A.B. asks: 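What follows is a structure written as structure tokens; I'll ask about it next.
Values reported hereafter were calculated over all heavy atoms of this structure, with side chains retained and with hydrogens, waters and symmetry mates removed. Since we're looking at a predicted model, the values are computed, not measured. In the text below, chain A, chain B and the rest are named by the order of the sequence lines, each starting its count at 1.
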Protein chains: 2
Amino acid sequence: MENEIYDPSKFERPSVTVDVIIFTIKDNSLKILLIKRGKWPFKGYWALPGGFVTINEPIEMAAKRELEEETGVKNIYLEQLYTFGDPDRDPRTRVITISYFALINSKNINLKASTDASDAQWFHAHRLPKLAFDHKKILEYALQRLRWKLEYTTVGFKFLPQKFTLGNLQRVYEIIFNKTFDKRNFRKKILSLNIVKTTKEIASHVPHRPSRLYTLRKSIGEIIKIL
Amino acid sequence: MENEIYDPSKFERPSVTVDVIIFTIKDNSLKILLIKRGKWPFKGYWALPGGFVTINEPIEMAAKRELEEETGVKNIYLEQLYTFGDPDRDPRTRVITISYFALINSKNINLKASTDASDAQWFHAHRLPKLAFDHKKILEYALQRLRWKLEYTTVGFKFLPQKFTLGNLQRVYEIIFNKTFDKRNFRKKILSLNIVKTTKEIASHVPHRPSRLYTLRKSIGEIIKIL
DNA sequence: TGAATAGTGTCTTTCAGACAATATGCC
DNA sequence: GGCATATTGTCTGAAAGACACTATTCA
């Protein structure tokens, strides 16, 4: 590139797509949104939502577009994951895909807004059907990254509403790490990190003692050891 | 992508390149290899080594190719960093670039093997000239990642020869974090992590008391808190 | 009053960090 | 013997982890 006169027609170009791994927590488990393919290749298989990056569109905007089409929601946490580009990952042509992952509070989702329910479905993150393309590999990478991010940043709070209880938060961590934490130690740690602010509100209409509500204080990007 | 009949000619495709940030440690500082551009755009500016991903080539292979062309060395540690694709980052056409970073022991480098020395030069990582394209942004991202990787993995050992002293290792960390560590605490930590193996060899022909040599025990990818 | 979760404190162990004196090979 | 780096241990403070009982709301 550096030492040649540039002539775009000289090079056959790959296609570029984005694929989005949309995580949420629902029914006490980590869920991933998949779309059933209606066409060749991998017709009938489940796949990550994705699509082409158009010629004048920032990559992240393409990912956002897919995300909004499938969930009906804007302003979702979105982060670039990794770029996969094995020459034979798509039987149609050379396709390089830039993967993103998104975290969303399931209360906010409005699936029907855009997609026929039979085509889009939430799957338990650890009980997935056969996936199209190399999407299994992409998902495994995303799961690794998700665990790391929960351990070292506050992105895990994206699974929660703006006001949440420490019990809610602990459940998020327990689901994703698939183990239990001691309630006293968990609270001690979260409170000592100074990442949450107590509100004056108390949850109500729960069939047990209600809990105080908290909000997140820290900014989301920051690296801060949580666990 | 999922719901349309595929017709490659329907979409105007971006060009896809790789750019490689090659780090080494030389003369007690962290260095980055840059190439002087001889053509428009950014003629005369310094830029990261990079080039097009050809149509049947795995992305990482393109990065390896650039790396070997510039350093004359194979089997260098190489890791995908991030994909940059702002529509106007290259004035010629839409170019999406997948960046990689490489760590290499400076003893292994053979710059002259491939490139005219006036075109390729090592720069102090914190005293860079004006860079072409968005390469400054890419480099800043790479520096962040490098620091993180040294803190949480054993990639830092890639700056060292296979057999090294604990003093060598400490110097790598001191250069990249730009601070000094207590020698006793540093050794205590490295040895307690069980990531190095002592050899029976002793460095020799140094103008002071020679040190025992160590080799790395752990695999490189693994996440393990070092500092 | 029973069900279900909220809320709270202490002890022990482990790890991080501060700190300085002696040893050795080479010239 | 002088130079330059190697090698080694203790103490202190902070944080992690184990552990169990009482409180509160609602049905």
Side-chain angles (χ1 to χ4, degrees), chain A residues 25 27-28 147 150-152 154 156 159-161 163-175 177-215 218 223-227, chain B residues 25 27-28 147-148 150-152 154 156 160-161 163-175 177-215 218 223-227:
Chain A
I25 288 185
D27 309 326
N28 270 326
R147 262 179 248 120
L150 257 76
E151 197 165 346
Y152 290 102
T154 53
F159 286 124
L160 298 171
K163 291 174 188 166
F164 50 86
T165 71
L166 295 182
N168 295 156
L169 182 63
Q170 186 172 345
R171 216 158 307 123
V172 167
Y173 276 82
E174 290 182 338
I175 287 166
F177 288 94
N178 193 30
K179 66 175 186 177
T180 58
F181 296 94
D182 181 89
K183 206 197 314 184
R184 288 158 294 186
N185 292 339
F186 187 83
R187 290 169 154 259
K188 200 197 318 177
K189 186 129 50 164
I190 297 298
L191 293 173
S192 74
L193 288 172
N194 202 32
I195 55 180
V196 296
K197 201 162 51 180
T198 76
T199 70
K200 285 170 188 159
E201 293 173 69
I202 304 277
S204 57
H205 303 297
V206 286
H208 52 77
R209 172 172 175 181
S211 158
R212 161 153 273 119
L213 293 172
Y214 294 80
T215 56
K218 281 277 177 205
I223 291 185
I224 173 173
K225 179 139 178 58
I226 310 276
L227 293 189
Chain B
I25 288 184
D27 310 326
N28 269 327
R147 262 178 249 122
W148 187 83
L150 258 77
E151 196 165 345
Y152 290 102
T154 54
L160 299 170
K163 291 173 186 165
F164 51 85
T165 71
L166 295 181
N168 296 155
L169 182 64
Q170 186 172 345
R171 217 157 306 123
V172 167
Y173 276 82
E174 290 182 337
I175 288 166
F177 288 95
N178 192 32
K179 65 175 188 178
T180 58
F181 296 94
D182 180 89
K183 208 194 314 184
R184 289 158 291 185
N185 292 339
F186 187 84
R187 292 169 151 261
K188 201 197 317 174
K189 187 129 47 164
I190 298 298
L191 293 174
S192 74
L193 288 172
N194 202 32
I195 55 180
V196 295
K197 201 162 50 181
T198 77
T199 70
K200 285 168 187 161
E201 293 174 68
I202 304 278
S204 56
H205 303 297
V206 286
H208 52 77
R209 173 174 174 181
S211 158
R212 161 153 273 119
L213 294 172
Y214 295 79
T215 56
K218 281 278 174 202
I223 292 185
I224 174 173
K225 179 139 180 58
I226 310 277
L227 294 188

A.B. asks: Rounding to an integer number of Å, can you tell me how far B:Glu201 CD sits from D:dA6 C1'?
C.D. replies: 17 Å
A.B. asks: How close or far is atom P of C:dA6 from atom CD1 of A:Ile202, stated in whole angstroms?
C.D. replies: 12 Å
A.B. asks: Looking at every strand, decide which applies to B:Pro207 at a 4.0 Å heavy-atom threshold: base, sugar-phosphate, or nothing.
C.D. replies: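 The answer is base, as B:Pro207 lies within the cut-off (heavy atoms under 4.0 Å) of a base atom.
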A.B. asks: In whole angstrom, give the distance that lies between atom NZ of A:Lys183 and atom P of C:dT8.
C.D. replies: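 In whole Å, C:dT8 P lies 11 Å from A:Lys183 NZ.
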A.B. asks: Once the angle between the rings of A:Tyr173 and A:Phe181 is folded into 0 to 90°, is it parallel (under 30°), tilted (30 to 60°) or perpendicular (over 60°)?
C.D. replies: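 Correct class here is perpendicular.
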A.B. asks: Give the rounded distance in Å between these two atoms: CG of B:Asp182 and C1' of D:dT10.
C.D. replies: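 My rounded result for the distance is 13 Å.
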A.B. asks: Within the pair B:Thr165 and D:dT5, is there a side-chain N or O less than 4.0 Å away from OP1 or OP2?
C.D. replies: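 No, B:Thr165 has no side-chain N/O under 4.0 Å of OP1/OP2 on D:dT5.
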A.B. asks: With nearest nucleotides of DNA chain C determined for A:Arg209 and A:Asn185 from heavy-atom distances, which residue corresponds to the more 5′ nucleotide?
C.D. replies: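 Upstream on the strand: A:Arg209.
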A.B. asks: Looking at A:Lys189, I'd like to know whether one of its side-chain N or O atoms comes within less than 4.0 Å of OP1 or OP2 on D:dG17.
C.D. replies: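 Indeed, a polar side-chain atom of A:Lys189 lies that close.
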A.B. asks: Let me know the distance between CG of A:Leu191 and P of D:dA16, rounded to the nearest Å.
C.D. replies: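 One finds 13 Å between P of D:dA16 and CG of A:Leu191, rounded.
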A.B. asks: Which is more 5' along DNA chain D, the nucleotide nearest B:Arg187 or the one nearest A:Ser192? Just name the residue.
C.D. replies: B:Arg187
A.B. asks: At under 4.0 Å between heavy atoms, what does A:Lys188 touch on the DNA or RNA strands: base, sugar-phosphate, or nothing?
C.D. replies: base
A.B. asks: Can you measure A:Ile190 atom CD1 to C:dA6 atom C1' for me and round it to whole angstrom units?
C.D. replies: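 Spelled out: CD1 on A:Ile190 to C1' on C:dA6 is 16 Å.
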A.B. asks: Just to verify, what does B:Arg184 make a side-chain hydrogen bond (donor to acceptor under 3.5 Å, both in side chains) with, not counting sequence neighbours?
C.D. replies: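 side-chain hydrogen bond (donor to acceptor under 3.5 Å, both in side chains) list for B:Arg184, sorted by chain: B:Asp182.
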A.B. asks: How about B:Lys225: does its NZ atom have over 12 heavy atoms from other parts shown lying under 6.0 Å from it?
C.D. replies: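 More than 12 heavy atoms, drawn from other residues, nucleotides or ligands, come within 6.0 Å of this atom.
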A.B. asks: Can you check the B:Asn194 CG to C:dC15 P distance for me, whole Å?
C.D. replies: 13 Å
A.B. asks: More than 12 foreign heavy atoms under 6.0 Å from NZ of A:Lys197: is that the case here?
C.D. replies: no
A.B. asks: Report the residues that fulfil ring-ring contact (aromatic ring centres under 6.0 Å, His included) with A:Phe177, sequence neighbours left out, ordered by chain and then residue number.
C.D. replies: none
A.B. asks: Return whichever of B:Ser211 or B:His208 has its heavy-atom-nearest nucleotide of DNA chain D closer to the 5' end.
C.D. replies: B:His208
